[in-house]
Amino acid sequence: QVELVESGGGLVQGGGSLRLSCAASGRTSSIDTMGWFRQAPGKEREPVAAITRSASITYYADSVKGRFTISRDNDKTTVYLQMNSLKPEDTAVYYCAAAAGDLYGSRWSYKGDYAHWGQGTQVTVSS
């Protein structure tokens, strides 16, 4: 069993920054790719970024490229999302996700390939 706990959400003005964290516990040896998804009210959950266990390859949605940075600590059990130049359209609940097996290419963005999910943390960006 794997548990993911997110933290770091909050309210920020447009142009500001936030750093989200996601700590994994339990059978962390089974975790490979970790990612972030977000869901705004009335919209589907969408991929934001992901990082593989092997070689720490990173992937980003076009909407966040150049503004968000995903990283992972050395023991591979905590993943971070540094969010800069935030916009009101970034407002959403952000979910951490973990997959058993590294996801390469477009697979990083498929929700169904992630076996474990956190409860989510709210990010609100005011205009």
Side-chain angles (χ1 to χ4, degrees):
Q1 188 72 8
V2 172
E3 183 180 17
L4 304 175
V5 178
E6 303 100 334
S7 60
L11 173 65
V12 64
Q13 278 194 329
S17 299
L18 281 175
R19 189 191 195 210
L20 305 183
S21 300
C22 171
S25 60
R27 286 194 63 214
T28 56
S29 60
S30 66
I31 292 173
D32 293 295
T33 290
M34 294 185 76
W36 290 94
F37 287 71
R38 67 186 182 186
Q39 188 166 18
K43 294 189 176 181
E44 289 196 5
R45 193 171 298 190
E46 63 177 12
V48 176
I51 184 166
T52 64
R53 185 184 190 95
S54 176
S56 294
I57 297 170
T58 57
Y59 299 95
Y60 296 94
D62 288 344
S63 59
V64 306
K65 276 181 186 174
R67 301 188 298 123
F68 291 12
T69 302
I70 189 169
S71 61
R72 197 164 180 169
D73 65 352
N74 289 336
D75 67 7
K76 311 292 186 182
T77 61
T78 302
V79 65
Y80 306 96
L81 186 68
Q82 178 66 43
M83 306 186 293
N84 298 329
S85 302
L86 282 161
K87 305 174 182 180
E89 51 263 44
D90 295 317
T91 294
V93 177
Y94 284 70
Y95 296 91
C96 177
D102 271 330
L103 306 175
Y104 297 106
S106 62
R107 283 191 65 198
W108 79 270
S109 63
Y110 300 159
K111 295 188 294 290
D113 281 345
Y114 291 84
H116 310 287
W117 291 84
Q119 293 300 306
T121 185
Q122 177 70 47
V123 171
T124 303
V125 184
S126 63
S127 56

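Treat the numbers as computed from the prediction; the structure is a model and nothing was measured.
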Would you compute the distance between atom [atom1] of [X] and atom [atom2] of [Y] and round it to the nearest 0.5 angstrom?
X    : Y    : atom1 : atom2 : answer
Y80  : T69  : OH    : OG1   : 14.0 Å
D102 : R107 : CG    : CZ    : 9.5 Å
C96  : E3   : SG    : CD    : 11.5 Å
F68  : S85  : CZ    : OG    : 9.0 Å
E46  : R38  : CD    : CZ    : 4.5 Å
K76  : T78  : NZ    : OG1   : 12.0 Å

Closest heavy-atom contact between [X] and [Y]?
X    : Y    : result
D32  : R53  : OD1-CD, 3.2 Å
K111 : R45  : NZ-O, 3.6 Å
A92  : Q122 : O-NE2, 3.4 Å
V79  : M34  : CG1-CE, 3.7 Å
T91  : A40  : O-CB, 3.7 Å

Decide whether [X] and [Y] are clustered together by the hydrophobic rule: side chain heavy atoms of Ile, Leu, Val, Met, Phe, Trp, Tyr closer than 4.5 Å, transitively.
X    : Y    : value
V93  : L81  : no
Y95  : W36  : no
L4   : V123 : yes
L103 : W117 : yes

Between D90, L20, V48, V125, which is the residue that forms a side-chain contact (heavy atoms from CB on, under 4.5 Å) with M83? L20
Please confirm whether the backbone N or O of [Y] pairs with a side-chain atom of [X], one donor and one acceptor, at under 3.5 Å?
X    : Y   : value
R19  : G8  : no
Q119 : E6  : no
Y60  : I70 : yes
S127 : P88 : no

For D62, is there an ion pair with K65 - N to carboxylate O distance below 4.0 angstrom? yes
From the list Y110, Y94, Y114, ring-ring contact (aromatic ring centres under 6.0 Å, His included) with F37 holds only for Y114
Mind telling me whether Y59 and W108 have parallel, tilted or perpendicular rings, with 30° and 60° as the class edges? parallel
